[in-house]
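Worksheet for the structure shown next.
Throughout, protein chains are lettered first and strands after them, A, B, ... in sequence-line order, and every chain is numbered starting at 1.
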There are 2 protein chains.
Amino acid sequence: MFSKATEYALRATIFIAQKGTEDNKIGIGEISKAIDSPPSFTAKILQALRKNNKIIRSVSGPNGGFYMTEKTRKLPVRAILEAMGENEMLDKCVLGLAKCSETKPCPMHSKYKIIKEQLIELFETKTIQHLADDTKNGDVFINNKSK
Amino acid sequence: MFSKATEYALRATIFIAQKGTEDNKIGIGEISKAIDSPPSFTAKILQALRKNNKIIRSVSGPNGGFYMTEKTRKLPVRAILEAMGENEMLDKCVLGLAKCSETKPCPMHSKYKIIKEQLIELFETKTIQHLADDTKNGDVFINNKSK
DNA sequence: ATAATTAAGGATAAATTTGTCCTGAATTAT
DNA sequence: ATAATTCAGGACAAATTTATCCTTAATTAT
């Protein structure tokens, strides 16, 4: 569905939302270990989420790392997708037509539209906080560690 | 959602279903023009759909080209996806976890599952014939030509 | 048989995505 | 101030996807 970069972005953000606060910042090492992702690549992705402090924040230096504010924790999952440039995916034609609309639809359009709307609804109502809370409660996971 | 290769595969198959019969085979030139795709790349993709005559058939030589039988026209869209190796996509985790299941779900799993099931249902009930018929009727399209 | 037409299939190239590494900048502790 | 830690950002490398081209094989018409 999404690129690997976006998958890492989602998992990393959930982890940061779950553990990272202004006085408990999380380093890239801990993050990539927790979500099972390549550290350097993940670092690059987090830079994008950090732009204009849109989703996450970071500070350099000892005890530095990544964290989130209460405000951005309340952002919908869609905000991460936007930051990762996955907006196109959410209104793209299944058959890959550049312009596929009500007035000039592809043969899958009408049925696919209904499903895509649910996807968008899901990404717009689920907040980062929700996902972090669920994960904290221990009934869902953001990695495949057996322990 | 799908790779470009799969998008071309879907559009090409619909076109072939619409126009290609054993005594009216369609050349790669006409196909790629009709669906607005790169000819050589499309040819390569059609080779895959042709394997074991799974989806389409072809013959070389003058008046050669691609066509379909009544039988494969009745195949669900999913058959094309399978042939293109997109099966993984249809049961992949949104967050990219290698193993995401009822017993060890990611935080999006329960909600996402419901939507994915609808997608699968759609791909399994819509047949190639359906899409070709709709296109033939002229109310839906498989390219972006203005004419 | 020969020539013409069309797909098959391999080699290769271009573009994009994924991933690594290194230097520099920011921050903190001593 | 200096050293140590951690992120920022650029350059580069590997892998994958997308795309092209060329030679061969199959088929048909003459």
Side-chain angles (χ1 to χ4, degrees), chain A residues 1-13 15-16 20 22-33 35-68 84-86 88-89 92 96 98, chain B residues 1-13 15-16 19-20 22-33 35-68 84-86 88-89 96 98:
Chain A
M1 165 122 258
F2 298 120
S3 67
K4 286 221 173 272
T6 297
E7 291 173 357
Y8 298 150
L10 290 166
R11 305 217 298 271
T13 304
F15 185 69
I16 294 166
E22 183 149 17
D23 41 61
N24 181 38
K25 309 189 195 77
I26 319 286
I28 190 64
E30 188 180 348
I31 294 169
S32 62
K33 213 166 276 181
I35 69 169
D36 195 22
S37 68
S40 300
F41 190 38
T42 308
K44 194 122 299 181
I45 291 160
L46 293 188
Q47 281 178 32
L49 298 180
R50 182 192 178 282
K51 280 251 171 116
N52 311 113
N53 294 321
K54 231 191 295 187
I55 314 270
I56 62 180
R57 291 174 182 239
S58 72
V59 323
S60 295
N63 298 314
F66 299 86
Y67 67 102
M68 290 182 77
M84 295 300 295
E86 295 272 13
E88 193 206 10
M89 147 86 230
K92 209 188 149 200
Chain B
M1 163 120 261
F2 298 120
S3 67
K4 286 218 174 275
T6 297
E7 291 172 358
Y8 298 150
L10 291 165
R11 305 217 298 270
T13 305
F15 184 70
I16 294 166
K19 294 224 174 164
E22 183 149 17
D23 40 60
N24 182 39
K25 310 191 195 73
I26 319 287
I28 190 63
E30 187 180 348
I31 293 169
S32 63
K33 213 166 276 179
I35 69 170
D36 194 24
S37 69
S40 300
F41 190 39
T42 308
K44 194 121 299 181
I45 291 160
L46 294 188
Q47 282 178 31
L49 298 180
R50 182 193 178 281
K51 280 250 170 116
N52 311 113
N53 294 323
K54 232 189 293 186
I55 315 271
I56 62 179
R57 289 173 184 241
S58 73
V59 322
S60 295
N63 297 312
F66 298 87
Y67 66 101
M68 289 181 79
M84 294 300 295
E86 295 271 12
E88 194 206 10
M89 149 85 229

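- Heavy atoms of I28(A) sit under 4.0 angstrom from primed sugar atoms or phosphate atoms, though from no base atom.
- At the heavy-atom level, I26(A) lies under 4.0 Å from the strands shown only through sugar-phosphate atoms.
- Between D36(B) atom CG and dT18(D) atom C1' the separation is 15 Å, expressed in whole Å.
- Computed from coordinates, the M84(B) CE to dT18(D) P distance equals 9 Å when rounded to whole Å.
- In this structure, G29(B) reaches neither bases nor backbone, as no heavy-atom distance under 4.0 Å exists between it and the strands shown.
- Among dA7(C), dT28(D), dT6(D), the nucleotide with an atom closest to any side-chain atom of S60(B) is dA7(C).
- Contact between the side-chain N/O atoms of Y8(A) and the OP1/OP2 oxygens of dT18(C) is not found at any separation under 4.0 Å.
- The shortest heavy-atom contact between A9(B) and I45(B) is CB-CG2, 3.7 Å.
- Atom CD1 in I56(A) sits roughly 17 Å away from atom P in dT6(D) (whole-Å rounding).
- Here the P atom of nucleotide dA19(D) and the CD1 atom of I35(B) are 11 Å apart, to the nearest Å.
- Axis deviation across the helix from dA1(C)-dT30(D) to dT30(C)-dA1(D) amounts to 0°, comparing end segments of five pairs, rounded to 10 degrees.
- Distance CD1 (I45(A)) to C1' (dG19(C)): 10 Å, rounded to an integer number of Å.
- Side-chain proximity of K44(A) to dA11(C), dA8(C), dC21(C): nearest is dC21(C).
- With rounding to whole Å, R57(A) atom CZ is found 13 Å from dA8(D) atom P.
- Interatomic distance, I35(B) CD1 to E7(B) CD, rounded to the nearest 0.5 Å: 10.5 Å.
- Distances were taken from every side-chain heavy atom of P62(A) (C-beta onward) to each of dT27(C), dA7(C), dA29(D); the shortest belongs to dT27(C).
- Between N53(B) atom CG and M68(B) atom CE the span is 11.0 Å, to the nearest 0.5 Å.
- Projected onto DNA chain C by closest heavy-atom contact, V59(A) and A5(A) fall at different nucleotides, the more 5' of which corresponds to A5(A).
- Nucleotide dT16(C) holds its P atom 21 Å from the CZ atom of F2(A), rounded to whole Å.
- When all heavy atoms of F15(B) and E30(B) are compared, the pair lying nearest together is CZ-OE2, 4.0 Å.
- The distance from the CD1 atom of I16(B) to the CG atom of L49(B) is 7.5 Å, given to the nearest 0.5 Å.
- Between N63(A) and Q47(A), the residue whose closest nucleotide on DNA chain D is further toward the 5' end is N63(A).
- Between the CE atom of M89(B) and the CE atom of M84(B) there is a distance of 14.5 Å, given to the nearest 0.5 Å.
- The listed nucleotides are dT18(D), dC21(C), dT18(C); the one nearest the side chain of F41(A) is dT18(C).
- At the phosphate of dA7(C), neither OP1 nor OP2 sits under 4.0 Å from any side-chain N or O atom of R50(B).
- Nearest heavy atoms, R50(B) versus S58(B): NE-OG, 2.6 Å.
- Dashed line: the shortest gap from a side-chain N or O of S58(B) to OP1 or OP2 of dT6(C) is not under 4.0 Å.
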Ignoring hydrogens and angles, write down the donor-acceptor pairs under 3.5 Å from the side chains of residues 36-44 of chain B, residues two or more places apart or on other chains.
| from | atom 1 | to | atom 2 | distance (Å) |
| --- | --- | --- | --- | --- |
| S37(B) | OG | T42(B) | OG1 | 2.6 |
| T42(B) | OG1 | P38(B) | O | 2.6 |

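- The separation between K4(A) atom NZ and dT17(D) atom C1' is 15 Å, rounded to whole Å.
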